2 protein chains.
Amino acid sequence: MPATLTIGRLAEQAGVGTDTVRYYERVGLLPTPPRRASGYRDYPADSVQRLRFINRAKELGFTLGEIGELLELSGRREHGAADVKRAAEAKLAVVEHKLAELQRVRDGLRTLIDACPGHGPLQHCPIVRALSGEETP
Amino acid sequence: MPATLTIGRLAEQAGVGTDTVRYYERVGLLPTPPRRASGYRDYPADSVQRLRFINRAKELGFTLGEIGELLELSGRREHGAADVKRAAEAKLAVVEHKLAELQRVRDGLRTLIDACPGHGPLQHCPIVRALSGEETP
DNA sequence: GTAAACCCTGGACCATAGGCCAAGGTCAAG
DNA sequence: CTTGACCTTGGCCTATGGTCCAGGGTTTAC
């Protein structure tokens with residue numbers, strides 16, 4: 001057996017769907033692979049690594065666009081770890097901003113829930129009252 | 001002047017665009033308003049309250065679909081504060097789940113960044129190494 | 001040898017929350 | 001009465017990350 005993969009095997013080994021692989025190719029995350037005489041895509045075995053890179057980066061909250069930049073960065077030998085570190089730091093800042101926002105939301109919800117008796121008419125429910133515009137800061 | 005509003009004034013007072021108001025009507029968040037002879041939408045003044053309700057709920061992280069449920073809940077007299085409280089609690093659970101996930105992401109990023117010297121060849125960068133599949137747990 | 005399982009392309013579609021546009025009708029001020 | 005600002009509908013477009021489909025060709029397993 002040759003050390004190449006059909007799209008189905010590649011997708012299976014990477015834990016994604018074949019449509020996803022073609023989609024990544026379309027948006028430039030995967031290089032266009034060579035084709036067999038039949039037209040089938042013929043992936044080198046190390047494409048699995050690249051797909052797994054993408055999956056891990058997604059888990060870290062990078063968008064596909066950002067992953068594309070990371071891949072470009074790590075493909076250019078003349079640039080070193082500094083660029084990659086900067087990209088990760090930028091992403092960390094975004095994540096921390098989102099965290100702070102979500103904490104604010106959580107605190108707001110919790111305050112309202114704690115103040116709501118959970119029974120009785122809606123007019124007494126602080127959640128409805130807050131949403132309806134009563135100022136209770 | 002009558003106590004009714006054109007869509008433009010309503011939108012302005014609520015701080016949204018006219019397209020947004022029509023969109024909310026389309027998806028059922030706003031009741032279809034009466035029309036003038038000209039066909040213009042003719043909003044009662046208290047529509048502003050309803051739009052502001054929607055805006056506040058959005059700030060709390062509710063989707064438009066969830067806001068629709070909240071509005072339905074708070075429109076049915078026979079149900080009390082219990083339903084609204086349950087909805088808020090469900091949303092709080094979702095928010096806390098997202099928070100936990102985001103914290104995991106942040107910790108992962110921070111660990112990688114701290115381990116990266118920020119200079120030298122990419123082969124030594126732990127960020128690239130981690131993404132490329134080296135097991136460094 | 002043939003049937004199942006795979007692959008190809010192009011395009012449509014999902015949810016989310018609207019934005020933008022054209023062609024036309026209406027309203028208010030000067 | 002005209003000009004400009006507003007309103008109407010319908011439909012298409014945005015970004016995100018894919019998924020699904022039809023209608024074909026190919027490969028593999030029995």
Side-chain angles (χ1 to χ4, degrees), chain A residues 1-2 4-30 32-43 47 50-71 91 94-95 98 101 105, chain B residues 1-2 4-30 32-43 47 50-71 91 94-95 98 101 105:
Chain A
M1 74 189 248
T4 62
L5 302 162
T6 61
I7 194 172
R9 288 186 197 288
L10 171 61
E12 191 191 352
Q13 289 195 31
V16 300
T18 58
D19 281 334
T20 302
V21 175
R22 280 187 282 256
Y23 175 70
Y24 286 171
E25 181 182 329
R26 245 180 347 109
V27 300
L29 285 187
L30 291 177
T32 63
R35 302 292 186 119
R36 294 195 206 168
S38 60
Y40 282 24
R41 289 172 180 80
D42 201 22
Y43 291 96
S47 298
R50 198 175 174 99
L51 267 174
R52 292 201 175 141
F53 182 111
I54 295 170
N55 286 153
R56 289 198 190 82
K58 280 211 311 164
E59 278 169 26
L60 285 180
F62 290 92
T63 66
L64 294 189
E66 292 163 339
I67 294 169
E69 289 169 31
L70 276 178
L71 284 168
K91 193 65 199 182
V94 169
V95 168
K98 275 192 203 161
E101 239 178 51
V105 166
Chain B
M1 71 188 253
T4 62
L5 301 162
T6 61
I7 194 172
R9 287 184 198 289
L10 171 61
E12 191 191 351
Q13 289 196 30
V16 300
T18 56
D19 281 332
T20 302
V21 175
R22 280 188 281 256
Y23 176 70
Y24 287 173
E25 181 182 329
R26 248 186 337 114
V27 299
L29 285 185
L30 291 176
T32 63
R35 303 292 186 119
R36 294 195 206 168
S38 62
Y40 282 24
R41 289 172 179 79
D42 201 22
Y43 291 96
S47 297
R50 196 171 175 105
L51 267 175
R52 293 203 174 139
F53 182 113
I54 295 171
N55 286 152
R56 287 197 191 84
K58 281 211 311 165
E59 278 169 26
L60 284 180
F62 291 92
T63 67
L64 294 189
E66 292 164 338
I67 294 169
E69 289 169 31
L70 276 178
L71 284 168
K91 193 66 199 179
V94 169
V95 168
K98 275 192 202 162
E101 239 178 51
V105 165

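Bear in mind the structure is a predicted one, so any value in this text is a computation, not a measurement. Per chain, numbering begins at 1; letters A, B, ... match sequence-line order. Keep in mind that the numbers below use all heavy atoms, side chains included, and drop hydrogens, waters and symmetry copies.
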N or O in side chain of B:Arg35 less than 4.0 angstrom from D:dT9 OP1/OP2 = yes
query = Quick one: is C:dG18 close enough that its OP1 or OP2 comes under 4.0 Å of any side-chain N or O from B:Tyr24?
reply = yes
inquiry  = Can you work out whether B:Gly39 or A:Ala37 has the more 5'-proximal nearest nucleotide on DNA chain D?
reply    = B:Gly39
inquiry  = If you compare every side-chain N and O of A:Ser38 against the phosphate oxygens of D:dG25 (OP1, OP2), does one of them come in below 4.0 Å?
reply    = no
message = Test your reading of the model: is there a side-chain donor-acceptor pair from B:Glu69 to the backbone of B:Glu66, 3.5 Å cut-off?
response = no
task = Indicate whether OP1 or OP2 belonging to C:dC6 is found under 4.0 Å from a side-chain N or O atom of A:Thr18.
result = no
ask   = Side-chain N or O of A:Thr6 less than 4.0 angstrom from OP1 or OP2 on D:dT27?
value = no
request  = Carefully, step by step, assess B:Lys58 and B:Leu64 under the rule side chain to side chain contact (heavy atoms under 4.5 Å, CB included).
outcome  = CA-CA 7 Å; B:Lys58 281 211 311 165; B:Leu64 294 189; 3.8 Å; yes
key: Nearest listed nucleotide, side chain of B:Thr63, among C:dG18, C:dA17, D:dT9   = C:dA17
ask   = Phosphate oxygens OP1/OP2 of C:dT9: is one of them under 4.0 Å from a side-chain N or O of A:Arg41?
value = yes
inquiry  = On the nucleotide D:dT16, are OP1 or OP2 found under 4.0 Å from the side-chain N or O atoms that A:Lys58 carries?
reply    = no
ask   = Does B:Tyr40 place a side-chain N or O at less than 4.0 Å from the phosphate oxygens OP1/OP2 of D:dC6?
value = no
message = Is the phosphate of D:dG11 approached by B:Arg22 (side-chain N or O, under 4.0 Å from OP1 or OP2)?
response = no
Whichever of B:Asp19 and B:Arg9 has its nearest DNA chain D nucleotide further upstream toward 5' = B:Arg9
message = Looking only at the side chain of B:Tyr23 (C-beta and beyond, no hydrogens), which of the listed nucleotides C:dA17, C:dC7, D:dG18 gets closest?
response = C:dA17
